[in-house]
Amino acid sequence: MSGRLALLYLDRGNGWECLTPHENDQAALESLSIDWGVDSIRDQPDAPVLRFTIRDRTGDLAGDVLYLAGAKVWLQKTDAVPWQRFDISGQWRQVDSSVSWDELADLKPPAIPSVPDSGLETIFYGRVTVGGEVTQRKGRNDWLVSLYASGMSVLAHRQAAQGPEQSGALTGYHWPVSPSARLDVLQSRLAALNIPFADTALAWLRRHLPPALAPYGDDSHPDLITLVRNLASNSADWPLVYEACEQGRGVPGVMTVGLPGSPAYVAMLPDGTLATSWQGHVTGSVRAELVMVDDTTLALPDPVTQVTLKGKRVTWDAEKQSYGFEDSELTFTDRGLVPDNLTESQKSVSVESDAVIRDDSGNHWTAGVYLPSDSDRLRRAAVILANSTRLQPRSLKVESRKVDDVEHSTQFHPWSGLPLTFIHNRYTPLVARDGTPATAGAWLPIGGTLTYRHRNGEAVWSNELDLHPLPRDPTLAPLRWIDLKPLTCKWERLPAMTWAELAQIDVITNEQELTA
């Protein structure tokens, strides 16, 4: 199975140039990789980094390589070839009987637009940074030009500007204490950089903002990305701020949020298929033979016993008639969910936030304080449990030779945003004390390396994923036999699973109820 072609476009100031594999072109894309996300939720993602190599047959591009710095880069994929393109009288008679379904698409190569097409799937958008190298290949009369590019969100890292100034008792501070007002300013400034919040991210933020945010002193100017990340980081969903690409936009970069603290539900549908419900999205399970996993290695978890939210406390200066803001902390424990042997040594994970979490102003502060509910604390405990007790597969890779990159396109993105659930894999025999497989439950890809190579007419995409275990809903009761009632299929139609794998199922329901 050959993947779709990568379409690489450069704009060096004179419009877009297509550098996609063609036999006789001056320059063509040789290979690329994109490092994206994080390997642990202890950190926030940086801007994605694209490394790509161009094969220059004449040396003209290599000789002008210094002028590539700052060039815009737009990476897309060709569309799947529609059946209509084969609707030519008599053409089927010309197809050799030995041609397989996988090879059929090669008979009708996809169209390659000369400029980026907003209707095509976008993988990366950014700018070339300083660095790289030029190599002449031995025995060949061509050159390899290797370059780096950063996603547009790197601009938010470099923006450390004055925010709206405050007045009255907040004189000497900037950036609003009103979370909604600050969000509006941030969205405006991100839009000016062509990386606004995606609609889904904006909607989530408006629902999860804390009551009030601490402003910054006039002597402190945080960069834009820090302000974005500290906006709603108090949420038990544990938001990670990513740069993503959005199809159909003239400039495709957007800021979105990944929510590795949000619970996922492994469901069995009435026909016996497995699905994963998370944040209103429903995805299927992934068969073991479709992914490549390191033969021997599972990472033992590094147990976490508590989460520390680092926010602010507000004080009152009666003499100056003004507020002050100092560091403060809230601690979330495992609430007894993690086995005692894993909690003997205290290990905390911290989260930075601008939320006001303590009021020491003597009732002068009226904007509100974030006070975690019992539900928030239980949700945090579920995250601690998942981090401390799930064995993590290493070097998990999906590849277009095995997985159709049209049907499963989200698995070949620098940020898929959708969870994976695995059944019947090499680790199935490893069963935990609670009766579930050691790798049970849903996993969220939070980082990795997406690569592409074009060799001998074959395009291959692969994505090596860093996975984070999504927590289960701690309020769900274990399934009982009576809960199997919605099943309408025969037992022999169920997926090949062990009893232990059946124990990871949270609910048995239909897909409409999962998305409600």
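Keep in mind the model is a prediction, meaning the values are calculated, not measured. Keep in mind that the numbers below use all heavy atoms, side chains included, and drop hydrogens, waters and symmetry copies. The residues of the chain are indexed from 1 along the displayed sequence.
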Item to check | Interatomic distance, Ser409 atom OG to Lys77 atom NZ [nearest 0.5 angstrom] | outcome: 7.0 Å
Item to check | NZ/NE/NH1/NH2 to OD/OE distance under 4.0 Å, Asp506 and Arg472 | outcome: yes
Next on the checklist: With a 3.5 Å distance limit and no angle check, can you tell me whether Ser40 reaches the backbone of Arg42 through a side-chain donor-acceptor pair?
Outcome noted: yes
Donor-acceptor contacts, no H, no angles, side chain residues 147-156, under 3.5 Å, sequence neighbours left out:
| unit_1 | atom_1 | unit_2 | atom_2 | d |
| --- | --- | --- | --- | --- |
| Ser153 | OG | Glu243 | OE1 | 2.6 |

Checklist entry - Hey, is Glu121 close enough to Arg4 for a salt bridge, meaning N to O under 4.0 Å? => result yes
Item to check | Salt bridge flag under 4.0 Å for residues Asp184 and Arg189 | outcome: no
Checklist entry - Distance-only, no hydrogens or angles: does the Thr78 side chain make a donor-acceptor pair with backbone N or O of Leu5 under 3.5 Å? => result yes
Checklist entry - Do Asp11 side-chain atoms and Lys72 backbone N/O form a donor-acceptor pair below 3.5 Å? => result no
Checklist entry - Within 45° of the axis and under 6.0 Å from the centre of the six-membered ring of Trp143, does NZ or CZ of Arg57 qualify? => result no
Checklist outcome for this item: The reported gap from CG in Leu444 to CG in Leu240 (rounded to nearest 0.5 angstrom) is 8.0 Å
Next on the checklist: Closer than 3.5 angstrom, by distance alone: can the side chain of Arg453 be matched with the main-chain N or O of Ser31 as a donor-acceptor pair?
Outcome noted: no
Checklist entry - When rounded to the nearest 0.5 angstrom, what distance separates CG in Leu227 from CG in Leu186? => result 5.5 Å
Checklist entry - Where the side chain of Ser400 meets the backbone of Trp461, is there a donor-acceptor pair that is under 3.5 Å apart? => result yes
Checklist entry - When rounded to the nearest 0.5 angstrom, what is the spacing between CD1 in Ile112 and SG in Cys18? => result 6.0 Å
Item to check | Pair Glu458 + Arg401: basic N to acidic O under 4.0 Å | outcome: yes
Next on the checklist: Would you say His221 and Gln162 are linked by a side-chain donor-acceptor pair, where the criterion is simply a distance under 3.5 Å?
Outcome noted: yes
Checklist entry - Does Gly441 offer a backbone N or O that forms a donor-acceptor pair with the side chain of Gln504 under 3.5 Å? => result yes
Checklist entry - Is the backbone N or O of Leu183 less than 3.5 Å from a side-chain atom of Arg206, with the two atoms forming a donor-acceptor pair by type? => result no
Checklist entry - Quick check: does any side chain N or O of Arg390 sit under 3.5 Å from a backbone N or O of Leu470, one acting as donor and the other as acceptor? => result yes
Item to check | Of all pairs that satisfy side chain to side chain donor-acceptor pair (under 3.5 Å), the ones with a partner from residues 247-259, not counting sequence neighbours | outcome: none
Item to check | Candidates Asn463, Leu465, Leu50 - the one meeting side-chain contact (heavy atoms from CB on, under 4.5 Å) with Leu450 | outcome: Asn463
Next on the checklist: Taking the ring of Tyr125 and the ring of Trp74, is the distance between their centroids below 6.0 Å?
Outcome noted: yes
Next on the checklist: Let me confirm one number: the CD1-CE distance from Ile505 to Met268, rounded to the nearest 0.5 Å.
Outcome noted: 3.5 Å
Checklist outcome for this item: When rounded to the nearest 0.5 Å, the distance separating OH of Tyr9 from CD of Glu17 is 12.0 Å
Next on the checklist: Between the side chains of Asp473 and Arg379, is the shortest nitrogen-to-carboxylate-oxygen separation below 4.0 Å, so that they form an ion pair?
Outcome noted: no
